[in-house]
Amino acid sequence: IGGVSGLAAFLAACGGEAAPAAAPTAAAKAEPTKAPAAAAPTTAPAAQPTVAPTVAGTTVNFDKPTEITFWHTQTGANQAALDAIVAEFNKSNGKKITVKAETIPGSYTGVYQKAMAAIQAGQTPDVAVGYESMAVEYMKAKAIVALDDYALKGGQALSADDLKDIFPIYIESNKYPMFQNKMLTFPFTKSLAVQYWNEDFLKAAGVAKNGQKGQIMSFDDFKKATTALTKKGADGKASVYGAHVKIDTSYIDAFIFANGGEVLDKDQAKVTFNQDAGVQIFEMWAEMVKNGEAYENNKDSAYQNDFGAGKVAGFHDTTTGRPWVRKALSADGKEPEKYKWLIGMIPQKDPNKPISVLFGGNVVVFDNKDKVRPAAGWEWIKFFTNKENSAVFPIKTGYMPLRKSAAENAEVKANWEKDPQGKQSFDLSDLVRAEPQIPAWQDIRGILQDALTATITGKMTAKAALDDAASKANKLIEEKK
C-alpha cells in the first residue's frame, strides 16, 4: 500500500447474516424488519413424473408422500417471504413432497448445535442452513450427502442454462478441496463485503472515485479520500470521520485479498495473514485512527446510524445492510433521505483486478439412509434457487440474487428503481471470492479480530499483533486437522 509502512464467539456474532467461513458481525440489523410489498412466489413448473432419473446409481421413486424437514434462521418478514415459497413448492412440486420449514432459535449457532445433537441421536433434519466450516464438521461425521450427484449430474441436475446463469463463485465456493472438491453445500442467503459512501460528501470534498466499476479506488486513493472527507473542530476532534473500522474477520480477509495477499498458504496448513499484505492493512487502519480520520463503533451497528447522521463519510459493510442504512438516512422512513449515497468496491492494490469477499448461509442435505428424502431435499433447494425465486426472494430480504438473469427480471428492475444501491451491489457479484473453509477458521476469526483491536488501540504494533495471532492460529489448525 503506497504511503503505508512496511466456533463459539464467532457463531454468536453472526446473527441472521451470512459468511463463507462465517458471517460478518453485522449486528442485529442484518435483516430488514419490514419487507417490500410481497409478490406471489413463482409457480413451479408443470407436475413432473413421480419417478426421478438415476441418482448416484440408484433410482428414486416419488410414488409415496414424502415429508422433509428444513431448519433455517429466518424470522419476521424474511420468514414470511420464505414461507410463501415453501407453500408454493408444497402445492405444485408434483412429486408428493412436503417441506416442513422450522425456524431454529439462536441463528446459525442454534442450527449447528441442534444439528450436532441430532447427528448423535440419529434424528437429523433433511435440509439445514449452515456455513462452510459447519458443513466440514457434518461431513467429518458422515452425516450429509455430497450434492454433486443431484445438482451436477443425473435427471435432477441443474441444466446447462442454469449453470451458466448462476454466478460461478456461488458454485465453486460450495466445493470443498479437503473432500475431493465435492459440492457439500448450495448457496442460500448470500452477501458481499462492499464500501458505502456518502455521495454528497464525496462531491463536496472533490473525491472523484467512488468504488464502482471504472472508478475503483487504490489504497492511496482511499487514504487521500479519508483525509479529505474528515472534518475537525477547533479542538482537533472529528465532527465527521472519513472512515469506520469494522472489527470483523470477513472484512479483514477482504482487505487482505484486495491488497494482493492471502490468509492461508496453498496447503491450507498455516496462516499467512501476518505477511506484508496483512500488516499493511492493519497499519493503515491504525494510522487513520491515530490521526482522527477513522474510528471504531461496532456495537449494534452504530456506524450505520452515524452514517445516517452525517458523522462518517464511508464504511465497509455487508450488502444486506442496505435497508438499515436507508432507515438511518430517512428517520425510519418518515423523512426524505438526508444524503445521496452509494455502494462500491472496497479499495484495491490493483484497481484493474478488484476482489472482495462473499459470505452468507448455505444449505446442506443430511444423509438419512433413505434414497428418497435426500433427493426430495434437493428438489426443494432447486425450487428455492430457480430463476424466479432466486431473483424475487432477495427483493424482500436484501440478500444477493444468485443468478445473472436477475438483471432482466421485471420485478427486480422495478425494485432497483427504489433501491439503486441493490443494483450497484449486484454489479459487483463477479468480483468476490470465498473465505477459508478449514474447521479451525471459526476460532481463528476471533483471534484475528482481537489482533486488529490491539493494533488500532495502540496496545501492539500491527506486525506484533499479527505474528501473535498467527502463532495461535497455526496451533489451532494443527489441533483440528
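All residue numbers in this chain count up from 1 along the given sequence. Everything numeric in this text was worked out from a predicted model, so none of it was measured.
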Y176 side chain near T185 side chain, heavy-atom distance below 4.5 Å: yes
Just wondering, do T385 and D162 contact through their side chains at under 4.5 Å, heavy atoms? no
Indicate whether any N or O donor in one side chain lies under 3.5 Å from an N or O acceptor in the other, for [X] and [Y].
| X | Y | answer |
| --- | --- | --- |
| N210 | E199 | no |
| T320 | S191 | yes |
| E388 | N409 | yes |
| D253 | S250 | no |
| K190 | N362 | yes |
| N259 | Q280 | yes |
| N78 | T397 | no |
| T272 | E262 | no |

Proximity of W380 and H72 rings by center, below 6.0 Å: no
Within a reach of under 6.0 Å around NZ of K340, are more than 12 heavy atoms found that belong to other residues, nucleotides or ligands? no
More than 12 non-hydrogen atoms from neighbouring residues, nucleotides or ligands closer than 6.0 Å to NZ on K140, yes or no? yes
To the nearest 0.5 Å, atom NZ of K246 lies from atom CD of Q449 at 9.5 Å
Salt bridge (charged side-chain N to carboxylate O under 4.0 Å, His left out) partners of D430, counting only residues at least two apart: K213
Pair Y303, H244 - check ring pair (Phe, Tyr, Trp, His ring centres under 6.0 Å), show working. CA-CA 7 Å; Y303 55 89; H244 174 263; 4.5 Å; yes
Evaluate salt bridge (Lys or Arg N to Asp or Glu O under 4.0 Å) for E102 paired with K100, printing each intermediate quantity in order. CA-CA 7 Å; E102 298 180 11; K100 181 182 178 183; 3.8 Å; yes
Looking at K95 and A376, would you say the former's side chain and the latter's main chain have a donor-acceptor pair under 3.5 Å? no
Test ring pair (Phe, Tyr, Trp, His ring centres under 6.0 Å) applied to W285 and F255, step by step: CA-CA 11 Å; W285 280 330; F255 273 72; 4.9 Å; yes
Do R445 and E435 pass the salt bridge (Lys or Arg N to Asp or Glu O under 4.0 Å) test, and can you show the C-alpha distance, the side-chain angles, and the key distance before you say yes or no? CA-CA 11 Å; R445 291 180 64 86; E435 294 179 271; 3.4 Å; yes
Taking the six-membered ring of F167, is the NZ or CZ of R403 close enough (under 6.0 Å from the centre) and on axis enough (within 45°)? no
Do F89 and F384 pass the ring pair (Phe, Tyr, Trp, His ring centres under 6.0 Å) test, and can you show the C-alpha distance, the side-chain angles, and the key distance before you say yes or no? CA-CA 8 Å; F89 175 79; F384 176 78; over 10 Å; no
Apply the side-chain contact (heavy atoms from CB on, under 4.5 Å) test between I252 and each candidate in V263, I247, L448, V357; give the one that qualifies. L448
Tell me which one of K418, R326, R322 satisfies salt bridge (Lys or Arg N to Asp or Glu O under 4.0 Å) with E337. R326
